[in-house]
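Quick notes on the structure that follows.
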Amino acid sequence: MMFKIGIVGAGAIGKEIARAIDDGTVPARLVALWDRKVDEAEEFAASLAQKPKVLPLEDLVKECNIVVEAASQAAVREVAITALSNSKSVMIMSVGALSDKELLEQIKALAREHHCSIYVPSGAIGGLDAVKSASIKHVECVTITTRKPARGLKGAPFVVRNNIDLDKFTVPTEIFSGPAAIAIKEFPANVNVAASLSLVGIGFEKTVVKVVVDPTITRNVHEIHVKGDFGDFHAKIENVPSATNPRTSYLAALSAIATLKQVCEPLKIGT
Ligand SMILES: NC(=O)C1=CN([C@@H]2O[C@H](COP(=O)(O)OP(=O)(O)OC[C@H]3O[C@@H](n4cnc5c(N)ncnc54)[C@H](OP(=O)(O)O)[C@@H]3O)[C@@H](O)[C@H]2O)C=CC1
Ligand SMILES: O=C([O-])CC(=O)C(=O)O
C-alpha cells in the first residue's frame, strides 16, 4: 500500500518533511498540506513535483491516511481528534500538548477505537529508546538541560512575562528549572523534547527541565541524565538550528522524516 500523507503546518519542519516525501526519501505520496499562511503554502506546494493540494484540515484528512502535525501545541487537539475520528493515523511534533492528560487519554481512546496509531518522533534529542527500556523497571530521576543562544529562546512566554532581556547575558545562565509540566507551557516552542522524554520516562511532574541561555554557543544543546535500576544514562546532542526557525533544531525535521520512513517500511529498528 502506498501511504498518503497530509501535513498541517508548513514551516521549518513541515517543509522539510514535504521535500523528503517529494524527493522519494519517504516512500509515500504527499497528497495535501495546510498552513494558516495559505498563500505561502500555495506557493510552496506549487514548487514541489507531487503538487500536493492545499486544503483545510477537514478536507486534508479525507485525502490521506497519515496526518502530520507540524504547526503548534495549540493545533494538536484539533488535528489529532479530526484525524483519528476519521480513522487516520497522526504524527505529532508539538508534543508538549500531550501534557494535557485528558487530551492524551482522549486521543489514545480514539486511536484504539479507530485502529490507528499516534506517532511521536524523538525530535531534537536522541536516547528515547534507552529511556523507554529503562522505564520498564524503576527510574529514579530524569533531567534534561536545554541550552540555546538568545535567538533560540526569544518569544517564549516565560521570557516575555518576566521581561528577560536575553541579549544581556554574557555568560551561560540558567533562567528556568522546574517540572516538564510547567516547562512546556513556559517554553512551548523550545522544550517539546522534554514532553517526549516525560512520556517515555517518569511523567511530566517528575521530569526536571532546566533552560539555559548561552551566549557562547550557536547550536541548540540538549543534555539528558537518567538514573534507575538499569544504571545511569547520559546523552548530549549539539544541534544545528534549522535555517528558517532558530528555535527548532534541524534534527527535529530529520527525526520526523525517519519516523515516516519507518511507518512506510516493513523493517523497524530500535526499541
Ligand atoms: N518534537 C520536537 O523535538 C520538536 C518540536 N517542535 C515543534 O514542532 C512544531 C513545528 O515547528 P516548526 O516547523 O519549527 O515551526 P514553524 O513556526 O517554523 O512552522 C509552523 C507553521 O505552522 C503554522 N501554524 C501554526 N498553527 C497552525 C494552525 N493551527 N493551523 C495551520 N497552520 C498553523 C505556522 O504559522 P504562523 O507562523 O502564522 O504561526 C507556521 O507556518 C512547533 O510546535 C515546534 O515547537 C520543534 C522542534 C523540535
Ligand atoms: O529543536 C529543538 O532543539 C527543541 C525544541 O525546539 C523543542 O523541543 O521544542
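Just follow the structure's listing: the first ligand is 1, and inside any ligand the first atom is 1. Please read these numbers as outputs of a predicted model, since none were measured by experiment. Quick note: numbers below take in every heavy atom, side chains included, and nothing from hydrogens, waters or symmetry partners. Throughout, numbering of the chain's residues begins at 1 and tracks the sequence.
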Taking distance alone, no hydrogens or angles, what donor-acceptor pairs closer than 3.5 Å link side-chain atoms of residues 202-215 to residues at least two apart or in another chain?
from	atom 1	to	atom 2	distance (Å)
Thr207	OG1	Gly203	O	2.7
Asp214	OD1	Thr216	N	2.8
Asp214	OD1	Thr216	OG1	2.5
Asp214	OD2	Thr216	OG1	3.4

Could you pull out every donor-acceptor pair under 3.5 Å between side chains of residues 36-50 and any protein atom, sequence neighbours left out?
from	atom 1	to	atom 2	distance (Å)
Ser47	OG	Phe44	O	2.6
Gln50	OE1	Leu30	N	2.6
Gln50	NE2	Ile21	O	3.3

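Using a 4.5 Å cut-off between side-chain heavy atoms of Ile, Leu, Val, Met, Phe, Trp and Tyr, with links allowed through other members, Phe187 and Val221 fall into different hydrophobic clusters. Grouping the Ile, Leu, Val, Met, Phe, Trp and Tyr side chains by contacts below 4.5 angstrom, directly or via other members, places Tyr119 apart from Val31.
Protein neighbours of ligand 2 below 4.0 Å, counting non-hydrogen atoms: Ala124, Lys148, Ala189, Asn190, Val191, Asn192, Val193, Asn220, His222, Arg247, Thr248, Ser249. Pocket lining of ligand 1, defined as residues with a non-hydrogen atom under 4.0 Å away: Gly9, Gly11, Ala12, Ile13, Trp34, Asp35, Arg36, Lys37, Ala70, Ala71, Ser72, Ala75, Met93, Ser94, Val95, Gly123, Ala124, Pro188, Ala189, Asn192, Val193, Asn245, Thr248, Ala252.
Ionic pairing of Asp22 and Lys51 is not present here: no N-O contact between side-chain nitrogen and carboxylate oxygen is shorter than 4.0 angstrom. With salt bridges taken as basic N to acidic carboxylate O contacts below 4.0 Å, none links Lys53 and Asp59.
The only option from Ile13, Leu57, Val79 that meets the side-chain contact (heavy atoms from CB on, under 4.5 Å) definition with Glu69 turns out to be Val79.
Under the 30°/60° scheme for interplanar angles, the aromatic rings of His225 and His234 are found to lie parallel.
Counted within 6.0 Å of CZ on Arg29, heavy atoms from surrounding residues, nucleotides or ligands total 12 or fewer; the atom is thus considered open.
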